[in-house]
Each structure stands twice: as C-alpha cells, then as structure tokens.
Amino acid sequence: MYAQMIKSEASNEDPAKLEAFQARIDAGEKIEPRDWMPEGYRKTLIRQIGQHAHSEVVGQLPEGNWITRAPTLERKAILLAKVQDEAGHGLYLYSAAETLGVSRDELIELLHEGKMKYSSIFNYPTLNWADIGAVGWLVDGAAIVNQVALQRTSYGPYSRAMVRICKEESFHARQGYDAIRAMAFGTPAQKRQAQDALDRLWFPALMMFGPSDAESVHSEQSMAWKIKVKSNDELRQQFVDQTIPQIEYLGLDLPDPGITWNEDRGHYDFSEPDWSEFFNVIKGNGPCNVDRMADRKAAWDDGAWVRDGLLAHARKKQAANLAAE
Amino acid sequence: MKHEWPLWEIFIRGQHGLSHRHVGSLHAPDAEMAVKNARDVYTRRNEGVSIWVVEARHIAASVPSEKGPMFEPSESKIYRHPTFYDIPDEVGHM
C-alpha cells in the first residue's frame, strides 16, 4: 500500500449530518468535492491521498537511478516510460487532494518539512539491474493489489484517479516481471542476482500494506467511510497468494522458509515481516531516507527559477495582450 | 517569489465524432503550457485527438446541496420518454 499508518480523525459534527453522510457511503454513492463532508473525512483523505501522491513521486528516484545504466536501449525506453508514468500518477493524486481544499505546494512543503510521509518501500536502495525488475514486479504488483481495491473508495476524485492509475500500472508490473524473467532464465550469475533481489525486496514489499489491522487504531473509521476498502492483512494475503506461483515459474527459491500452502484456509501461510524494521524506516532511519529527501528538496529548489520564470513570462504576455486590446 | 501556477481543467476528445470529456486537471503558467502538459499527462497512450484547457476558476457549477430542487422537476415528467406511449403492434416500428 502506498499509504501506510494514516491517522484518521474523529468528527464532532452534527450527528444528523454525520448519519446522512454515512448513509450515502453505505448506499455506495460517491462523495464529490463540493458535497458536505465531515472534517475528519476531509483531513484523513488529504493525508492518505497526499501520502499516496508523495510515494509516486519519490518512487521515481530508485528507478531513475538506473535509466542511464539500463542493459539495452529497449529496456531504457521502457524504464523511462514507466518513470514518466509515476510522475503522472503523482499528478493525478495531487489533483485529487487539491479538490479537498489543500494546494499541491502546501503538500510538497509538508513532505519537505517531514510532516508528511511516503511509502517505506522507497527508502530501500536499488543496487543492481535485477532490483529494477523486482521493483516493477513486486512493488508495483503490491501497489496494484491496493489500488484495484481503492477504485471503489468513496471519494469520487480519488476513485477516478485510481481507475486511471490501475490501467497504466499493469504495464509496470509486467515490464518488471519480464526483466526479472530474463535474468532468472539467464546465466547462473544473472539468476543469482534475481534471487538476491527477490530475497532483499520480499519483506519490504509485504510491509507496504502496513502493520496488521489488529494493531492499527486508524483502520476502523477509514473502513466505515470507505476511505480504505480492504484491510491491510487481506491485501497482503492477496499479494502473497498471487505472487508465489510467479516466483515458482521463475524457478527461484521462495524468499521465506515460512511459506507453505494452507489447505484449510485456501491461502499461503507466510512469515511476518520484521515490524521493528518497518517502524525504524518510517521514523527516517531506513537505508535511503536521507538521500531521498535531499534529492526531492534539491529538485524542488533547483526548479524554482523555472517555475517563477514561466509564470513571469505568462503574466508579461497577458499584460501585453490586454494592452493591445 | 512564491506563486503557484493556476489550476486548469483538461478536456479530451477521445475519437473523432465524440465530444470532449473532462479527464482531470493540472497546473500550468498559461494556456499554451497547459495544452503541452495535458498532452504529456493525459494522452501518453493514444487517448485523444484534441485537447481543451480551461482555467478552473472560470468554471461555474450548480450547487450540490440544491441537487433536489434543481433536477427533481425532470423526474416526474415521464411523458417526455418514448416508452411512455403504447403504439399498437399493427402500426409497426416507430
């Protein structure tokens, strides 16, 4: 999940209004920007969509890292297109958040001040080309599981952004699997790299869904408002179930000795990720947190003159047009 | 200097013969850049043959809380639909 540990807000508004609002949600109606909504709903959504947007944009960094070193021109063009998509996904999501009365610049400022987060997964490094394949396959694969569910979220603009993103995201997962497949069926050294990438990224990918719902104090209200549609554990299980056959096809070893088919449940059992590592990464102590934030801030600050220059040019042109009329 | 680029609403004609449809929004300093950005953001997979951009502040809209009085009058006028009328079979297709 690209949004983790989102704190939900309670609302102290008119109970009759809250009840009518809940009835609309329960009836499957979409809430649109200018409809009445509880403050808690608005704030929780801003946090969740904002974090989701930040994740898309920060997520460009570990992959952008390999654009100039892609093994072939075709892989390079594909990776470039994928990273460009991520920028687009960030934009769809910032736009959805903006309909709730917050500006994109405000959200970016909150991120840069450390007051908003992005997904923990992007604080892990991409050490070699196999990691790029594994990121597309596992990270985008996990994101799809989450985002397919979120297409049914109650907030109209968020739901529509998810529909758009899901259409593009399946290209991301497929190109990743295609890249890792080439390595898994390649030389023994390539296969070792593919295995190593899977082993390192497996648990961080499972952490993307956030801690177990049993420990999440925020899930209940978000589920009632359909800001979240499925629980963290349900989504994680779905991801595990769909990914294990894909690992087996590649002929790679399973990344977790605890993975076994559970006939009674009809699902795979698997080991819990190390949640102390997750909380440590969220706190800012992952392998790449400092670099990621430094890169984001530099991109924003170094681009300021371009943004200002284009605006100044637009205003000058507008003034000249008015004078000519 | 700290100024956010204005917000533009983007409309795309998906195919010849269809009308433009709202697809989303973006920030741009002016209309020309809004069209260029819309091309990059909303038509990367052959989604359109024409783009309209409108600055968001220029759009006037109906008020959601007045949805009832606004649209209810059309609900009761079922005689505006062709299915309201029985045409005898002998008359054939009409």
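What you see is a predicted model; the values in this text were computed from it and never measured. Order of the sequence lines sets the chain letters (A, B, ...), proteins ahead of strands, with each chain counted from 1.
- Ion pairing between A/Arg307 and A/Asp105 fails under the 4.0 Å rule for side-chain N and carboxylate O.
- Heavy atoms closer than 4.5 Å to chain A are found in both the backbone and the side chain of B/Ala61.
- Taking chain A as the reference chain and counting heavy-atom pairs below 4.5 Å, the highest number among B/Pro64, B/Ala56, B/Pro6 is found for B/Pro64.
- Highest contact tally toward chain B, considering only A/Lys167, A/Lys317, A/Glu168, A/Gln318, is held by A/Glu168 [criterion: heavy-atom pairs under 4.5 Å].
- With hydrogens and angles left out, the side-chain atoms of A/Tyr158 and A/Thr99 include no donor and acceptor closer than 3.5 Å.
- Contact count against chain A (heavy-atom pairs under 4.5 Å) is highest for B/His27 among B/Glu32, B/His27, B/Met33.
- Here A/Gln48 contributes atom CD and A/Leu150 contributes atom CG; the two are 6.0 Å apart, rounded to the nearest 0.5 Å.
- Ring-plane geometry between B/Phe11 and B/His22 is classed as tilted, the angle between the planes lying from 30 to 60 degrees on a 0 to 90 degree scale.
- A donor-acceptor pair shorter than 3.5 Å can be found between the side chains of A/His54 and A/Tyr94.
- For A/Glu32, no part sits under 4.5 Å from any heavy atom of chain B, backbone or side chain.
- For a residue to count as touching a neighbouring chain, one of its non-hydrogen atoms must lie under 4.5 Å from one of that chain's; by this rule B/Glu9 does not touch chain A.
- For the residue pair A/Asp308/B/His3, the side-chain donor-acceptor check at 3.5 Å is not satisfied.
- Put simply, of A/Gly88, A/Ser103, A/Ala81, the one with the most heavy-atom pairs under 4.5 Å next to chain B is A/Ser103.
- Most heavy-atom pairs under 4.5 Å with chain B: of the set A/Gln84, A/Arg160, A/His313, this distinction falls to A/Gln84.
- Residue contact with chain B, scored on non-hydrogen atoms closer than 4.5 Å, involves the backbone and the side chain of A/Leu310 alike.
- A salt bridge links A/Arg75 to A/Asp178: one of the charged nitrogens lies within less than 4.0 Å of a carboxylate oxygen.
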